[in-house]
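The structure appears below as structure tokens.
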Protein chains: 2
Amino acid sequence: MTPTSYVVLGCLALAGPATPYGLKQTVAGSIGYFWSFPHSQLYSEPERLARAGLVTEQREDRGRRRRTYAITDAGLAALKAWVVTPTDELPQIRDIGMLKLYFGSIADGEQLAELARVRTDAHRRRRELYSEAAAGHDSGPGIRAGEALALRFGIAFEDASIAFWGSLAKGLND
Amino acid sequence: MTPTSYVVLGCLALAGPATPYGLKQTVAGSIGYFWSFPHSQLYSEPERLARAGLVTEQREDRGRRRRTYAITDAGLAALKAWVVTPTDELPQIRDIGMLKLYFGSIADGEQLAELARVRTDAHRRRRELYSEAAAGHDSGPGIRAGEALALRFGIAFEDASIAFWGSLAKGLND
DNA sequence: CCTATCATGTAATCCGTTACATGATTAT
DNA sequence: ATAATCATGTAACGGATTACATGATAGG
């Protein structure tokens with residue numbers, strides 16, 4: 001079971017049965033901001049889960065032969081058990097920009113300043129996206145509480161990033 | 001060329017020729033905080049780089065037959081070109097705790113509060129680690145500027161995380 | 001001297017990405 | 001009609017993780 005497995009289980013649990021494409025829709029624009037993967041995963045992963053008995057697969061027997069997946073009781077139990085076990089494993093931040101900065105001593109100041117500007121902008125845009133999503137979110141409470149919290153953290157992260165790269169850009173500017 | 005490739009190239013560029021184990025040492029306790037991978041990667045990746053002519057491999061012909069890798073001119077050029085090209089690709093935060101929180105609606109409040117406490121503690125410890133590393137770092141300036149910057153960002157990130165999970169733990173408490 | 005930990009390496013498996021492909025809808 | 005985009009799926013490759021394995025060194 002990888003994190004991807006639980007994303008699929010979680011989406012099926014929260015939003016009900018879905019096709020791989022439906023999962024793609026669900027993931028994009030929500031948890032996908034924080035944990036993304038190509039859509040092909042959403043074909044192979046449910047297959048694995050089905051083999052493990054955590055979801056059921058039902059396939060149209062005519063037309064496009066679309067598959068619809070639904071979470072089973074075993075799947076729900078597995079998801080619950082996972083959610084309920086606290087992790088102390090720390091987040092992994094995979095940030096190409098940070099990597100480049102880390103090895104930045106082989107570049108000159110102006111190049112690093114440009115990097116910092118580009119990054120500041122990218123983070124600003126992302127921050128916008130999050131706050132819009134959060135705003136459009138104030139309507140449906142309850143079920144989507146997790147999403148609102150994730151967005152709140154996302155905004156905090158973007159703010160920290162903007163502050164960091166922004167001050168770096170300023171500091172490197174002449 | 002994956003990010004891992006550039007981590008290896010960068011370490012060889014900054015710290016000079018090294019064996020896979022040496023690379024492991026270099027990575028752990030520095031860039032490894034932000035971009036980690038198992039040590040077996042540090043055996044296979046230099047091999048790939050050697051095939052591409054970006055590093056040279058020299059192997060002891062007796063004893064343990066240890067391999068030592070050194071960056072070539074081509075490798076340095078590739079690293080430089082990569083560093084100098086600004087990326088607008090955003091960081092990926094892979095945070096198991098955030099995932100669990102996202103799907104937290106299937107758990108109860110006390111369980112989420114426990115998760116929040118565990119996460120707060122983990123982030124506090126990590127923050128400690130970073131600030132110690134940053135303190136012990138004030139000595140050697142210049143070459144290690146990138147590392148100091150990365151640590152600064154790391155601390156900002158941990159602060160944001162502590163604030164987020166901390167307030168969540170408080171809010172969920174009764 | 002023995003045991004634990006450090007140091008060093010290999011192999012196999014599998015997830016994840018990239019690339020390829022094609023059937024439906026919608027818009028112009 | 002035709003182009004474009006949405007919807008749906010498969011195949012193959014390779015990097016990353018996990019597991020296995022063993023030679024040195026130090027501590028008790």
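Numbered from 1 within each chain, the chains take letters A, B, ... in sequence-line order.
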Item to check | First encountered from the 5' end of DNA chain C, between B:Q25 and A:F37 | outcome: B:Q25

Item to check | d(CZ, B:R48; P, C:dT10) in whole Å | outcome: 14 Å

Checklist entry - Taking the side chain as C-beta and beyond, is there a heavy-atom pair between A:M1 and A:L54 under 4.5 Å? => result yes

Item to check | DNA chain C: 5'-proximal contact among B:R94 and B:Y21 (nearest heavy atom) | outcome: B:Y21

Next on the checklist: Within the 4.5 Å heavy-atom criterion, are B:Q25 and B:P20 side-chain neighbours or not?
Outcome noted: no

Next on the checklist: Rounding to an integer number of Å, can you tell me how far B:E47 CD sits from D:dG15 C1'?
Outcome noted: 13 Å

Next on the checklist: Check the phosphate of D:dG9 against A:R66, side-chain N and O only, distance under 4.0 Å to OP1 or OP2. Yes or no?
Outcome noted: no

Checklist entry - Would you call B:I96 and A:W82 a side-chain contact if the rule is heavy atoms closer than 4.5 Å? => result yes

Item to check | Between C1' of D:dT8 and NZ of A:K24, the distance in whole Å | outcome: 9 Å

Next on the checklist: Is a donor from one side chain sitting under 3.5 angstrom from an acceptor on the other, for B:T68 and B:E57?
Outcome noted: no

Checklist entry - Among C:dA7, C:dG16, D:dG9, which nucleotide sits nearest the side chain of A:Y43? => result D:dG9

Next on the checklist: Looking at D:dA16, I'd like to know if its phosphate oxygens (OP1 or OP2) sit under 4.0 Å from a side-chain N or O belonging to B:T4.
Outcome noted: yes

Next on the checklist: Rounded to whole Å, how long is the line connecting atom CG of B:L23 with atom P of C:dA7?
Outcome noted: 14 Å

Checklist entry - Of the nucleotides D:dA16, D:dG9, C:dC15, which one has an atom closest to the side chain of B:T2? => result D:dA16

Checklist entry - Can you check the A:W35 CH2 to C:dT17 C1' distance for me, whole Å? => result 16 Å

Checklist entry - Do the rings of B:F153 and B:F157 sit parallel, tilted or perpendicular, given the 30° and 60° boundaries? => result parallel

Checklist entry - In whole angstroms, how far is the C1' atom of C:dC15 from the CZ atom of A:R51? => result 12 Å

Checklist entry - Can a side chain N or O of A:R67 be found less than 4.0 Å away from OP1 or OP2 on D:dG9? => result no

Checklist entry - Between A:M1 (CE) and C:dT13 (P), how many Å, whole number? => result 22 Å

Checklist entry - Taking for each residue the nucleotide of DNA chain D bearing the nearest heavy atom, is the 5' side occupied by B:E45 or by A:G22? => result A:G22

Checklist outcome for this item: note: A:Y6, atom OH; C:dC15, atom C1'; distance rounded to Å ~ 15 Å

Item to check | Heavy-atom check, side chain of A:I31 versus side chain of B:L99, under 4.5 Å | outcome: yes

Item to check | Side-chain touch B:R127/B:S131, heavy atoms, less than 4.5 angstrom | outcome: yes

Are any protein N/O atoms closer than 3.5 Å to N/O atoms in nucleotides 18-23 of chain C? If there are, list each pair with its distance.
unit_1 : atom_1 : unit_2 : atom_2 : d
C:dT18 : O4     : A:S40  : OG     : 3.1

